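The structure displayed is predicted, hence computed values, not measured ones. Throughout, protein chains are lettered first and strands after them, A, B, ... in sequence-line order, and every chain is numbered starting at 1.
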Amino acid sequence: MKPTATDKTDKPAHFIRKIIADDVAAGLAEVRTRFPPEPNGYLHIGHAKSICLNFSMAEEFGGKCNLRFDDTNPEKEEDEFIEAIKRDVEWLGFKWDGEVRFASDYFDQLYEWAVYLIKQGKAYVCHLSAEETREYRGTLTEPGKDSPYRNRSVDENLALFEQMRRGELPEGTCVLRAKIDMAAPNINLRDPTMYRIRHATHHQTGDKWKIYPTYDYAHGQSDAIEGITHSICTLEFEDHRPLYEWFLNNLPVPSKPRQYEFARLNLTYTVLSKRKLKQLVDEKYVTGWDDPRMPTLSGLRRRGYTPASIRAFCEMIGVTRSPGMVDIGLLEFAIRDDLDKHAPRAMCVLSPLKVTITNYDENVVEYFTAPLHPQKPEMGTRELPFCREIYIDRKDFREVPEKDFKRLVLGQEVRLRNAYVIRANEVVRDEKGEIVELKCTYDPETRGKNPPDGRKVKGVIHWVSARHCLDVEVRLYDRLFTVEAPEEDKTKSFLEFINPNSLVVLEHCKAEPSLANATPEIRYQFEREGYFCADSKDSKPGQLVFNRTVSLRDSYGK
RNA sequence: UGGGGCGUCGCCAAGUGGUAAGGCAGCGGGUUUUGAUCCCGCCAUUCGGAGGUUCGAAUCCUUCCGCCCCAGCCA
């Protein structure tokens, strides 16, 4: 088989890779990157892009990648998210260097450095209210003006900051600000907040702190402490880079990391912002963060996506600074490509129609040995029982066929996959006229070979033995939204574009008996239908529930 | 309208002065007991527009246009 997405080894030359390669060529001893999520939600496919980038750059250049939780805001963060994030990173197949780190590990050092800046006359305690601060900051087109507290003495600032630290001041009373330039064209430089008062219990540090550093004050210094060489983040932090560098240049930090930005991932027919995903969960549009329709890693995992397919996808989309919208079809290609090569085949009839083979002995059961993979005999085989009564899919039968229909037609023949050729002779209806059964005959000369008289049978359909099959539930998923860009229309909420048919539950589907051993880890191809796996939450032995990961590519009817 | 970015095929994306890679999608054909897979072929005389420099430009210069991000004591 030719090499495809999941096992190709050639690396595209994106700009981050080039920057690092140049640094290494120039003598950089060890590359160190980091993946720094805030533990305030679950990871999604957009985070996978960042994870793959950070970990693979470290790996490729013989360096290390840290996992650091950016936990500077105790109000939004939870332990549950920390555990979920660790699980997702590991699931993707990456190993972070050493222990998990937390920005909160550095709160003592960060505090000392804040005192240092105060002593240098480069930070001050400001008593402007949040609203006043906004007014003093100016606008995009007008410069800001200095806070009346900007020129407090070092001693006064020191005393006030100490009071803040001790928790003697209520939330919102004041903040610590860096003294930079209120007229800077870059708003991030207009005396940004470094510390705010929060009388909250922190998931890592408990009640030790009453003041918490902001992202801007904590991030670069945390990178410096960890010896990060390349601090890779998304484009919206581009404007923060001068501030990131300002802190590093004005503090006695142990190293000088450099920040580089790339475009975050946008995917068609979904949303990729934590806020909106949280809303889908909180307002019960989905069953949870791991709902198989969610673009979260836990949702994709439950849906049946493999880590390899997600890594291949991230490799295919590239890394650039131009913000784009990737077609979700590419993600679907990635999982089909992986699963086609690795998934064992099975037969499952989604919409059963009973077929009686009238010339087949009622007391006989035959077993056919079928390969688990048509191109990979080494994967082994499974046994398919065959008897007088079987099920086929209603979609595979027509009394009067449309043009190009090559399945079972009344009066004509079709091949039963891995079994005999049958001919449909009679349709049985119920009192309402609904077709409830087909009476067919089989050709005993067609087991494992074509009809000896040379007649051609064009179609092949799947089937299961009615006496031996399993009754299972199958869940079909479709795109969560009906439009490519649900966030594009600023006059409407993305919720208005939710696809009402994103989940279709099929009960009493008929699966071949070998599927009795299905577990969520085994992804199957249900031949002629798609890729499926047992649901990790709702499937139980004897009561199987399958999720459709993705359908097979289908050129019929296009 | 201040600052920072980005514009190469329907989508993603190489290319950084020498005459437009690749993937996805699409289209045609072949193989096939999955209308799957696989295989073969087609798919940008043109790089947001207009000028200019040059023997030569997607790549350099000028100018215009479009899109994205920033005014949290969020990250």
Side-chain angles (χ1 to χ4, degrees), chain A residues 1-2 4-5 8 10 12-14 36-38 40 70 72-73 75-76 126 128-130 133-135 137-144 171-177 184-190 192-198 212 214-216 218-219 233-242 261 263 268 274-275 315-334 336-337 340-341 345 347 370 373-375 404-407 415-419 421 446 448-450 457-462 484 525-530 551-558:
Chain A
M1 245 176 284
K2 75 161 192 183
T4 39
K8 71 175 176 189
D10 52 304
H14 63 245
E38 181 186 16
N40 66 346
D70 221 333
T72 56
N73 186 355
E75 294 175 325
K76 294 184 173 179
C126 178
L128 249 26
S129 69
T133 303
R134 196 184 323 124
E135 285 159 14
R137 188 157 32 231
T139 68
L140 293 178
T141 52
E142 301 159 306
E171 288 188 14
T173 311
C174 55
V175 295
L176 183 72
R177 293 227 255 170
N186 179 343
I187 291 181
N188 294 115
L189 263 16
R190 319 239 264 229
T193 299
M194 294 166 58
Y195 273 93
R196 65 299 206 186
I197 300 168
R198 286 286 180 279
Y212 290 92
T214 57
Y215 162 87
D216 282 312
H219 203 91
C233 62
T234 45
L235 247 24
E236 63 271 27
F237 292 104
E238 210 171 356
D239 293 339
H240 295 241
R241 193 171 61 227
E261 310 87 16
T268 56
K274 265 190 207 168
R275 204 203 104 237
E315 201 67 52
M316 286 187 282
I317 59 176
V319 179
T320 68
R321 289 173 64 84
S322 65
M325 175 83 79
V326 175
D327 189 332
I328 199 161
L330 196 59
L331 219 208
E332 296 173 348
F333 165 78
R336 283 193 188 107
D337 189 51
D340 174 61
K341 293 206 289 298
R345 313 286 129 125
M347 293 196 285
H373 192 292
Q375 278 87 234
D404 296 331
F405 186 81
K406 42 187 254 191
R407 305 174 192 177
R415 157 77 61 183
L416 292 179
R417 169 128 251 237
N418 297 305
V421 167
T446 55
K449 55 179 190 274
N450 287 323
V457 178
K458 54 186 171 187
V460 179
I461 63 173
H462 56 107
E484 278 200 346
Q525 183 195 96
F526 288 177
E527 288 185 298
R528 303 211 309 127
E529 289 291 353
S551 66
L552 247 35
R553 195 160 161 268
D554 183 11
S555 58
Y556 176 59
K558 278 190 178 174

* Asked: Which value, in whole Å, describes the distance between the P atoms of nucleotides B:C11 and B:C68?
  -> 16 Å
**Asked** Which part of the nucleic acid, if any, lies within reach of A:Tyr212 when heavy atoms closer than 4.0 Å are counted: base, sugar-phosphate only, or nothing?
**Response** nothing
Scanning all shown strands, the Watson-Crick or wobble mate of B:C67 with both distances under 3.5 Å is B:G5
Review point. According to a strict under-4.0 Å criterion, is A:Ser555 in side-chain N/O contact with OP1 or OP2 of B:A36?
Key: yes
Regarding the side chain of A:Phe237, the nearest nucleotide among B:G4, B:A75, B:C24 is B:A75
Quiz item: Does B:G72 have OP1 or OP2 sitting under 4.0 Å from an N or O in the side chain of A:Arg137?
Solution: yes
Review point. Which part of the nucleic acid, if any, lies within contact of A:Asn418, taking any heavy atom under 4.0 Å across all strands shown: a base, the sugar-phosphate backbone alone, or nothing?
Key: base
Among the nucleotides B:G3, B:U34, B:A75, whichever has the atom closest to the side chain of A:Pro185 is B:G3
Exercise. Would you classify A:Phe405 as touching base, sugar-phosphate or nothing, given that sugar-phosphate means primed atoms plus P, OP1 and OP2, and contacts are heavy atoms under 4.0 Å?
Key: base
Below 4.0 Å: OP1/OP2 of B:G2 and any side-chain N or O of A:Thr139: no
Exercise for review: Provide the distance between the two C1' atoms, one in B:A13 and one in B:A71, to the nearest whole Å.
Suggested key: 35 Å
Take atom C1' in B:C40 and the same atom in B:U31, then report the distance between them in whole Å. 11 Å
> Side-chain N or O of A:Thr72 less than 4.0 angstrom from OP1 or OP2 on B:A75?
Replying inline: yes
I'd like to know if A:Asp239 reaches the base of B:G3 with its side chain, counting only an N/O donor and acceptor under 3.5 Å. yes
The answer to which of A:Ala13 and A:Asn188 contacts RNA chain B further toward the 5' end, by nearest nucleotide, is A:Ala13
| said: Does A:Arg407 reach a base, just sugar-phosphate, or nothing at all? Heavy atoms under 4.0 Å. | reply: base
Of B:G35, B:A36, B:C74, the nucleotide closest to the side chain of A:Val460 is B:G35
Taking every heavy atom of A:Pro36 against every heavy atom of A:Asp70, the minimum-distance pair comes out as O-CB, 3.8 Å
### Query
What is the nucleic acid contact for A:Leu140, judged by heavy atoms within less than 4.0 Å: base, sugar-phosphate only, or nothing?
base
- Message: Considering every strand and a 4.0 Å limit on heavy-atom distances, what is the contact class for A:Gln525: base, sugar-phosphate, or nothing?
- Response: base
So what does A:Arg336 hit on the nucleic acid, given a heavy-atom distance under 4.0 Å: a base, only sugar-phosphate, or nothing?
nothing
When both distances are under 3.5 Å in a Watson-Crick or G-U wobble arrangement, the nucleotide paired with B:A13 is none
Looking only at B:G35, B:A75, B:U37, the nucleotide nearest the A:Gln375 side chain is B:U37
* To do: Answer yes or no: does a side-chain N or O of A:Arg198 lie under 4.0 Å from OP1 or OP2 of B:C74?
  => yes
ask   = Can we say A:Asp340 and A:Arg345 salt-bridge, meaning some charged N sits less than 4.0 Å from an Asp/Glu carboxylate O?
value = yes
Closest of B:C73, B:C12, B:C11 to the A:Ile317 side chain is B:C12
Ranking B:A75, B:C70, B:G35 by distance to the side chain of A:Ile187, first place goes to B:C70
Inset, instruction - Report which part of the nucleic acid A:Pro374 touches: base, sugar-phosphate, or nothing (heavy-atom distance under 4.0 Å, all strands). - result: base
RNA chain B nearest-nucleotide lookup for A:Met325 and A:Leu235: closer to the 5′ end is A:Leu235
Smallest heavy-atom separation, A:Thr72 atom then A:Arg196 atom, equals O-NH1, 3.6 Å
To the nearest angstrom, the CD-C1' distance between A:Glu332 and B:C11 comes to 13 Å
Between B:U16 and B:A50, how far apart are the C1' atoms? Round to whole Å, please.
23 Å
So what does A:His240 touch, heavy atoms closer than 4.0 Å: a base, only the sugar-phosphate, or nothing?
base
Would you say A:Arg528 places a side-chain N or O within less than 4.0 Å of OP1 or OP2 belonging to B:G35? yes
Practice problem: Using a heavy-atom cut-off of under 4.0 Å over every strand shown, decide if A:Gly144 touches base, sugar-phosphate, or nothing. | Solution: nothing
query = What distance, rounded to whole Å, do you find between the two C1' atoms, one in B:G3 and one in B:C61?
reply = 24 Å
Assigned chi class of B:G72 under the 90° convention is syn
Checking B:U34, B:C74, B:C73 against the side chain of A:Ala130 (C-beta onward), the nearest is B:C73
Check the phosphate of B:A13 against A:Thr320, side-chain N and O only, distance under 4.0 Å to OP1 or OP2. Yes or no? yes
Just the table, please: protein N/O against nucleotides 28-32 of chain B N/O, every pair under 3.5 Å.
none

With a 4.0 Å cutoff (strictly under), does any side-chain N or O of A:Arg553 reach OP1 or OP2 of B:U37? yes
Discussion item. Classify A:Lys274 by what it touches in the nucleic acid, base, sugar-phosphate, or nothing, heavy-atom distance under 4.0 Å.
Written reply: nothing
Which of B:C24, B:U34, B:G2 is nearest the side chain of A:Thr141? It is B:G2
Could you tell me how far B:C24 sits from B:C65 if I compare only their P atoms? Round to whole Å. 39 Å
Which of B:G35, B:A36, B:C74 is nearest the side chain of A:Tyr556? It is B:G35
message: With rounding to the closest Å, how many angstrom separate the C1' atoms on B:A20 and B:G30?
response: 30 Å
dist A:Thr173:OG1 -> A:Ile197:CD1 (nearest 0.5 Å) comes out at 4.5 Å
A:Glu527 has its side chain closest, among B:U34, B:A71, B:A13, to B:U34
Are any of A:Arg196's side-chain N or O atoms less than 4.0 Å away from OP1 or OP2 of B:C74? yes
Next on the checklist: Taking 4.0 Å as the cut-off, does a side-chain nitrogen or oxygen of A:Arg134 come that near to OP1 or OP2 on B:A71?
Outcome noted: no
Shortest non-hydrogen pair, A:Ser322 vs A:Ala263, comes out as O-CB, 3.6 Å
- Is A:Glu261 salt-bridged to A:Arg241, cutoff N-O under 4.0 Å? yes
Value for CZ (A:Arg137) from CZ (A:Arg190), rounded to nearest 0.5 Å, stands at 8.5 Å
**Item:** Side chains of A:Glu529 and A:His462 in contact at under 4.5 Å (non-hydrogen atoms)
**Value:** yes
* Asked: Base, sugar-phosphate, or nothing for A:Ile328, non-hydrogen atoms under 4.0 angstrom?
  -> nothing
When all nucleic acid strands are considered with a 4.0 Å heavy-atom cut-off, which category describes A:Ala419: base, sugar-phosphate, or nothing? base
When the C1' atoms of B:G23 and B:C43 are compared, how many Å lie between them, rounded to an integer?
14 Å
For this session: Indicate, with a heavy-atom threshold strictly under 4.0 Å, whether A:Asp216 touches base, sugar-phosphate, or nothing.
Result: nothing
### Parallel, tilted or perpendicular: ring planes of A:Tyr215 versus A:His219, cut at 30 and 60 degrees
tilted
Taken to the nearest whole Å, CG/A:Asn73 to P/B:G72 is 16 Å
- Answer whether the closest heavy-atom distance between the side chains of A:Phe333 and A:Met316 falls below 4.5 Å. yes
